[in-house]
Structure formats: C-alpha cells, structure tokens
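First comes the structure, then the notes that go with it.
In this chain, residues are counted from 1 in sequence order. Atoms within a ligand are numbered from 1 in the order they appear, just like the ligands themselves. All of these numbers come straight from a predicted model, not from anything done at the bench.
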Amino acid sequence: MAEVTFSGDLSAPDPVPEAGIEAAVRLLRDGRLFRYGEDRSSIPEAALLEQEFAAYQGRKYCVAVNSGGCAIFLALKAAGVCAGDKVLVNAFTLAPVPGAISHAGADPVLVDINDRYVVDLEDLDRKAAESGAGFFLMSFMRGHIPDMDAVVEICARHGITMIEDCAHTMGGGWNGRLTGTFGKAGCFSAQTFKQINSGEGGLIVTDDEDLAARAILLSGSYMLYAQHRARPPMEVFERHRFSTPNCSMRMSGLVAALLRPQLASLDERNLRWRRIYDTLAAELAGIDGLVLPARPAEEDFAPTSMQFSVSPDLLDDGQLAHFIQDADAHGVHVKWFGATDPVGFTSRHDHWRYIDGSAAGAVPNADRILSRLCDFRLPLWLSEADCRTIAAVLKQAVAAARSVGNGSEKIRHTA
Ligand SMILES: *Cc1c(COP(=O)(O)O)cnc(C)c1O
C-alpha cells in the first residue's frame with residue numbers, strides 16, 4: 001500500500017492581516033514606533049490595543065508589554081511577589097513560566113497534573129497548605145483549562161493570590177467566563193505560535209488599580225503613563241511612581257499595529273481552530289491506545305495545538321521513539337515531552353535545574369504523563385483534507401512502530 005505523506009509545513013505561521021500590514025507601514029513611514037509620544041497629536045497604537053483588549057476581556061485595565069514571559073514577570077512583581085517568595089505553579093508548563101518566577105527572585109513550587117493535562121486540584125490544595133505560598137501561577141499550558149470554579153475556591157480558602165498565564169487561551173474560557181478574568185491578573189502572549197501573532201508581545205489585564213499602575217510603571221512608562229487609555233486614575237500612580245522601578249519592557253507601536261486587526265477577528269479564528277481540532281479528534285478516535293484528553297462541556301477551549309498520550313499497551317518506549325521518527329519522516333512533526341534531552345520548545349520541569357528541587361515538590365503524575373505525551377501544532381490554514389492526511393500519517397506511524405521491537409505478536413488491528 002502506498003505510504004501517506006503530509007506535504008504541508010506544520011511550523012508555517014499564519015500571515016498578518018492586510019489591515020495590520022497597512023497600519024505597520026503607516027507607522028514606519030512616520031517613524032513613531034515608540035509607544036509614547038511627547039506631544040499627543042495622535043493616539044498611539046499600543047494605547048488603542050490596550051483599550052480594545054481590556055474591552056474584549058471585560059476588565060478595567062490592560063498593559064501591553066514585550067512578551068508573554070515578561071507579562072507574567074511584571075504581573076507577579078506588580079501583585080507583590082518578592083525575592084524568596086514561593087509561587088505555586090502547575091508542573092506541565094512552558095520554560096518561560098518558571099523563568100518568570102525565577103526572574104522575580106521567587107521559587108517555583110510545582111503542583112501535579114492529571115490526565116486532562118491540567119492542575120491536579122487535590123495536589124494544589126495539599127501544596128497550598130504545606131508550602132505556605134502566597135501566590136499561584138495558573139498556567140493554561142497548551143490551552144487546557146481546569147475546573148476554574150474549584151481552583152478559585154481553593155485559592156480563596158488558602159488566601160492565595162492567583163495570576164493566570166493565558167498564553168494559549170486567548171478567547172478560551174470555563175463555564176462561560178474568559179480565562180484571564182478568574183485571578184488577580186491575566187497574562188497573554190502574542191508570540192508567533194499563539195492565537196495572535198506579532199512575533200513577540202504580551203498583554204496583562206486586571207481590575208486591580210494598584211496592580212495596573214505598578215505594572216504600567218514597571219513596564220517602563222517613564223512619567224508618560226497618562227497616555228494609557230485602559231489605566232487607573234492618575235492619583236493611583238501617585239502612590240507608586242517613586243517606588244516602582246522602570247524595567248523597560250514596553251510593547252512597541254509597530255507590534256500593537258500588527259495585533260489590533262488580529263484581535264478583531266479572534267473569535268472567528270478560534271472557531272476555525274476548534275473545527276480543526278474536532279475534525280482531527282474524530283479521525284484519531286479510531287486508534288486504540290492513542291488517548292486524547294477529556295474535554296468537559298464547561299471547557300471553552302481555543303486549541304492552537306493538539307496533545308495525545310500514547311498508552312504503553314500500544315507502543316513501548318522504543319516503539320514510541322520510532323513512531324515520532326516515522327511521523328516526522330512523513331511530514332508530521334510530532335513533539336514528545338518524554339525525551340531525555342529538551343528539544344525545541346519542549347522542555348520538562350526536571351530540565352529546569354535552577355529550581356530548588358527540595359522546595360519544588362514531587363509531581364509523580366506529571367512525570368508519568370509527560371513521558372507519554374505527544375504534541376503538534378495546528379496551523380489555522382489546515383483544511384479538512386489536511387486533517388485527514390495528518391491522521392493517516394499518525395495511524396501509519398503507529399503501525400510502523402508496532403512492527404518493530406517487540407516482535408509480531410504485539411501487532412494488532414494496524415490496518
Ligand atoms: C508561549 C508561552 C509563554 C510565554 O510567552 P512568550 O510570549 O513566548 O514569552 C508562557 N506560557 C505558556 C504556556 C506559553 O505557551
């Protein structure tokens with residue numbers, strides 16, 4: 001039988017909409033790339049983006065910054081995290097997340113995850129009590145959303161301030177409420193492989209006036225903060241303007257110009273992502289032992305990538321490595337969280353050796369789950385036919401992997 005190969009490039013990003021390109025060219029022509037002007041003849045793009053994103057999120061304040069990782073760092077600092085503080089964080093997350101905690105001088109305390117790849121509520125409750133941490137950084141890694149009503153309840157019971165890392169959930173929500181509105185602040189990314197793409201960029205939303213003023217000052221507003229449009233009243237800045245360092249992490253006007261039209265079409269694009277995910281999920285449902293996470297009805301997910309776990313009954317460790325290779329050789333670049341060495345974007349908590357291991361806490365479920373966890377991007381341009389081809393490549397790679405290693409007696413229904 002002829003082999004199936006996917007000829008698209010799963011790493012190819014989506015283009016910036018024409019309206020964004022035109023706005024960027026206008027800015028380039030007049031040179032006003034810095035987000036603040038000293039005169040106020042026109043409204044800067046970054047201030048407009050903040051106003052529009054605050055409105056989208058239904059929050060009072062928004063601060064645009066240079067990356068998602070910096071948004072998290074600034075939100076932690078602005079929420080009062082100090083050097084030596086402990087910050088709880090789910091163990092399945094991306095390297096910039098423990099990086100942001102470390103940047104703030106604080107120590108991550110890892111919380112275990114469950115088979116939905118989200119924070120384990122019992123472990124959160126236990127570690128909140130044991131660690132005495134005052135903060136929880138809730139990271140919606142790869143867009144998976146836990147029962148946020150329960151998370152909010154646990155944090156409230158322990159007097160913990162929650163900051164949300166929504167790098168992969170812009171427009172996603174739980175039980176009808178957007179991520180980024182459950183905690184004291186929500187942090188977003190505009191890195192190329194997230195919901196909106198400006199290469200680099202970050203956004204913080206909050207309803208807390210002191211956190212907002214401090215985040216604006218920390219981001220590097222100088223004394224030009226009056227030019228923000230989604231900011232607290234000027235008197236709030238009086239409380240903080242002499243005691244808050246300028247960390248120079250502003251968003252440039254150019255980045256904001258690229259993002260504004262993408263924000264305007266966010267919901268429509270998330271629906272397309274959802275259709276891509278559902279099409280692929282239906283195709284992959286036919287492979288026994290290739291397990292997709294349960295998606296409760298309350299989870300309004302906005303998937304920019306797809307994860308699945310490979311059961312040891314389907315493929316042993318050697319066969320799993322073979323599966324990854326075979327899929328790659330046929331055009332589907334699957335990332336694996338179980339690799340000994342971190343590759344590309346995919347690293348694991350035990351690779352972050354700057355974390356104080358004794359304080360970090362054991363996460364046995366994360367270790368078990370990540371050793372079997374596969375991941376691939378879902379570019380928005382995937383057609384239904386593309387989804388079927390990708391699923392066929394994965395099925396073919398399972399069959400190829402099962403034919404090596406443990407002998408033919410392991411081969412079942414691989415046709
Ligand atoms: C991408 C990402 C970040 C960091 O965003 P950057 O803009 O790349 O700094 C943080 N958390 C998660 C879960 C991410 O996927």
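- Taking the centre of each ring, Y36 and H228 come in below the 6.0 Å mark.
- Counting heavy atoms under 4.0 Å from ligand 1, residue C70 does not touch it at all.
- Contact annotation: the side chain of F34 never approaches that of R32 to less than 4.5 Å [non-hydrogen atoms, C-beta and beyond].
- In terms of N/O distances under 3.5 Å, ligand 1 is approached by D165.
- Annotation: side chain of L203 is in contact with side chain of L49 (closest heavy-atom distance under 4.5 Å).
- Atom 9 (O) of ligand 1 has as its closest protein heavy atom G69 N, 2.7 Å.
- Close contacts between ligand 1 and G68 involve ligand atoms 5 (O), 6 (P), 7 (O), 9 (O) [criterion: under 4.0 Å to a heavy atom].
- Figure legend: R177 and F182 shown as a cation-pi pair, the cationic atom lying under 6.0 angstrom from the six-membered ring centre and within 45 degrees of its axis.
- Ring pair Y117/H144 is perpendicular by interplanar angle, where above 60° counts as perpendicular and below 30° as parallel.
- Set against the non-hydrogen atoms of L94, the atoms of ligand 1 under 4.0 Å away are 1 (C), 2 (C), 12 (C), 14 (C), 15 (O).
- Using a 4.0 Å cut-off to heavy atoms of V97, the atoms of ligand 1 that qualify are 10 (C), 11 (N).
- Contacts between K194 and ligand 1 below 4.0 angstrom, taking non-hydrogen atoms only, involve the side chain exclusively.
- Between F73 and H103, the ring planes are parallel. Angles under 30° get that label, and only those over 60° would be called perpendicular.
- For A167, no nitrogen or oxygen atom sits less than 3.5 Å from a nitrogen or oxygen atom of ligand 1, counting backbone and side chain alike.
- At least one N or O atom of S189, backbone or side chain, sits closer than 3.5 Å to an N or O atom of ligand 1.
- Every atom of ligand 1 with a heavy atom of Q191 under 4.0 Å away is listed here by number and element: 7 (O), 8 (O).
- Side-chain contact annotation: T179 with W174, donor-acceptor N/O pair under 3.5 Å absent.
- The S139 neighbourhood of ligand 1 comprises atoms 13 (C), with distances under 4.0 Å to a heavy atom of that residue.
- Every atom of ligand 1 is numbered from 1 in the order shown, and the set under 4.0 Å from a heavy atom of H168 is 15 (O).
- Side-chain rings of H168 and F140 stay apart, their centers remaining 6.0 Å or farther from each other.
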